[in-house]
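Only one structure is covered here, and it is reproduced in the block below.
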2 protein chains.
Amino acid sequence: MQTPEIYISQKPQLLARTRVIKALSHPTRLFIVEELEKGERCVCELTAMIGADVSTVSKHLSILRQAGILEDDKRGNQVFYRLKVPCILNFFGCVESVLHSQRQHDTLR
Amino acid sequence: MQTPEIYISQKPQLLARTRVIKALSHPTRLFIVEELEKGERCVCELTAMIGADVSTVSKHLSILRQAGILEDDKRGNQVFYRLKVPCILNFFGCVESVLHSQRQHDTLR
DNA sequence: CATTGATTTGGCTATATTGCCAAACATGCA
DNA sequence: TGCATGTTTGGCAATATAGCCAAATCAATG
C-alpha cells in the first residue's frame with residue numbers, strides 16, 4: 001500500500017454497488033419498486049399513480065432498469081415493468097428498523 | 001382519490017425511507033459502513049483509509065449518523081463511529097445478486 | 001492559559017440529478 | 001397510409017450533492 005489505495009471510493013466494486021443503491025434513492029423510484037412487488041405494471045398505470053409527467057416516470061423506470069432492478073416487457077404498445085430482483089424488498093424492513101431506532105438522535109431535518 | 005394523492009413522492013414514509021437509502025448511495029459512505037462492520041473506527045483511521053480530506057470524511061460520517069445508520073462516541077479528543085443498525089449489511093448480498101444478474105442488459109455505463 | 005492533535009462547520013466551486021416540455025419513436029388499427 | 005395511444009429521448013433550468021480549503025471547536029497537556 002502506498003497512498004490509501006489511490007482513492008478508495010473509485011474501487012469498481014464500490015462503484016457498482018453504489019449504482020444499484022443510488023437507483024433506489026429517490027421517493028418515486030422507491031414507490032415504483034414497492035408497487036411492483038404486487039405485480040407488473042405498465043408505464044401508464046404507474047404514471048397515473050405517481051402523478052408526474054410521463055417522461056419523468058419513464059426516466060425513473062429507465063434508471064431502475066439500467067441498475068438491473070427492473071425488467072421490461074413490451075406487449076402491444078404498452079411496456080410493462082416488473083421486479084427482477086425481489087430481495088430488494090427485504091431491505092426495506094431494515095430501513096424501517098433504522099427509522100424506528102431514531103428516537104430523537106440529533107437534528108432530524 | 002382526487003389527483004394522484006397530491007404527489008406521491010412527497011409521502012412522508014417514502015421520504016423517510018429515501019433519506020436512509022440516499023445516505024448509503026455514495027462509494028465512500030458504502031466503504032465506511034463495510035469497514036465499520038469489523039468494529040468501531042475513529043475519524044482519523046477512516047480518513048487514512050479513504051484518502052480524502054478529513055473534512056470530507058467528517059461530512060460523510062455526519063450524513064450516515066443523521067440517517068440513523070451510525071452512532072458516534074467521543075473518547076478523549078477522538079470520535080469513534082460504529083454501526084447502529086447492522087442489518088444494513090444483509091442488503092449488500094442482495095445488491096450483489098443484482099449485479100450478478102446483470103449479464104449484459106443494455107448500456108451498462 | 002498556550003499549544004497541539006482531532007474533528008466539525010462555513011463557504012465556495014464544480015458536478016450531478018430532477019422534472020418539465022417538446023419532439024421523436026413505436027404499435028395498432030381504420 | 002394516417003391517426004391515436006403509449007413510451008422514450010433531447011434539452012434546458014432549477015436544485016442538490018461533493019470535495020476542498022480555511023476557520024472554528026474541543027479535549028488533553030504542558
Side-chain angles (χ1 to χ4, degrees), chain A residues 3-4 6-10 14-15 18-32 36 40-67 70-82 105-107 109, chain B residues 3-4 6-10 14-15 18-32 36 40-67 70-82 105-107 109:
Chain A
T3 352
I6 310 307
Y7 193 1
I8 216 153
S9 47
Q10 295 308 307
L14 284 174
L15 290 174
T18 301
R19 198 156 44 86
V20 176
I21 297 175
K22 204 186 275 264
L24 294 169
S25 65
H26 187 286
T28 297
R29 297 198 288 270
L30 221 47
F31 171 80
I32 290 171
L36 294 185
E40 62 174 21
R41 298 280 185 273
C42 68
V43 179
C44 51
E45 289 173 305
L46 291 169
T47 300
M49 288 184 273
I50 292 167
D53 192 272
V54 198
S55 69
T56 300
V57 174
S58 175
K59 280 178 183 173
H60 283 306
L61 288 166
S62 170
I63 289 169
L64 288 165
R65 180 172 42 75
Q66 288 199 7
L70 304 186
E71 58 191 355
D72 61 340
D73 183 16
K74 186 163 202 166
R75 294 202 297 275
N77 59 352
Q78 308 190 16
V79 178
F80 291 84
Y81 280 88
R82 55 175 170 269
H105 70 68
D106 58 19
T107 43
R109 41 152 180 206
Chain B
T3 352
I6 310 307
Y7 192 3
I8 215 155
S9 48
Q10 295 309 308
L14 284 174
L15 290 174
T18 301
R19 198 157 44 88
V20 176
I21 296 176
K22 204 185 273 265
L24 293 168
S25 64
H26 187 285
T28 297
R29 296 198 288 269
L30 222 45
F31 171 80
I32 290 172
L36 294 186
E40 63 173 20
R41 298 281 184 272
C42 68
V43 179
C44 52
E45 289 172 307
L46 291 169
T47 299
M49 288 184 271
I50 291 168
D53 193 273
V54 200
S55 68
T56 299
V57 174
S58 176
K59 281 177 182 173
H60 282 307
L61 289 166
S62 170
I63 289 168
L64 288 166
R65 180 172 42 76
Q66 288 198 6
L70 305 186
E71 57 191 356
D72 60 341
D73 183 16
K74 186 162 202 166
R75 296 203 294 276
N77 59 352
Q78 304 190 336
V79 179
F80 291 84
Y81 281 88
R82 54 176 172 266
H105 70 71
D106 58 21
T107 44
R109 40 146 182 214

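In what follows, chains are A, B, ... by sequence order, proteins preceding strands, each numbered from 1.
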On the nucleotide [N], are OP1 or OP2 found under 4.0 Å from the side-chain N or O atoms that [X] carries?
X      : N       : result
H60(B) : dT17(D) : no
T56(A) : dC20(C) : yes
Y81(B) : dT8(C)  : yes
S58(A) : dT7(D)  : no
R29(B) : dA18(D) : yes

Rounded distance in Å - [atom1] ([X]) to [atom2] ([N]):
X      : N       : atom1 : atom2 : answer
F31(B) : dA18(D) : CZ    : P     : 17 Å
L14(A) : dA18(D) : CG    : P     : 15 Å
D72(B) : dA6(C)  : CG    : P     : 18 Å
D73(B) : dT7(C)  : CG    : P     : 12 Å
L61(A) : dG6(D)  : CG    : P     : 16 Å
I63(B) : dT9(C)  : CD1   : P     : 12 Å
N77(B) : dT29(D) : CG    : C1'   : 11 Å
Q78(A) : dA4(D)  : CD    : P     : 18 Å

*Mapping K59(A) and K74(A) to their closest nucleotides on DNA chain D, which lands nearer the 5' end?*
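Its nucleotide being nearer the 5' end, the pick is K74(A).
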*asked:* From the set dC21(C), dA18(D), dT7(C), return the single nucleotide nearest to any side-chain atom of C42(B).
replied: dT7(C)
*Which of the following nucleotides, dC21(C), dT7(C), dT9(C), is nearest to the side chain of V54(B)?*
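The listed nucleotide nearest to V54(B)'s side chain is dT7(C).
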_At 4.0 Å (heavy atoms only), tell me whether V79(B) reaches a base, stays on the sugar-phosphate, or touches nothing._
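Sugar-phosphate contact only - V79(B) comes under 4.0 Å of backbone atoms but never of a base.
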*When rounded to the nearest 0.5 angstrom, what distance separates NZ in K22(B) from CG in L30(A)?*
11.0 Å
*DNA chain C: D53(B) or S25(A), which has the more 5' nearest nucleotide?*
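Result of the comparison: D53(B).
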_Closest-nucleotide 5' rank along DNA chain C - winner of F80(B) and G76(A)_ =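 Residue closer to the 5' terminus by nearest nucleotide: F80(B).
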*D53(B): what forms a side-chain contact (heavy atoms from CB on, under 4.5 Å) with it, not counting sequence neighbours?*
S55(B), T56(B)
_Residue that, paired with Y81(B), satisfies side chain to side chain contact (heavy atoms under 4.5 Å, CB included) out of I32(B), L64(B), L70(B)_ = L70(B)
*E40(A): salt bridge (charged side-chain N to carboxylate O under 4.0 Å, His left out) partners, not counting sequence neighbours*: R75(A), R82(A)
*Are the side chain of R29(B) and the backbone of A23(B) linked by a donor-acceptor contact shorter than 3.5 Å?*
yes
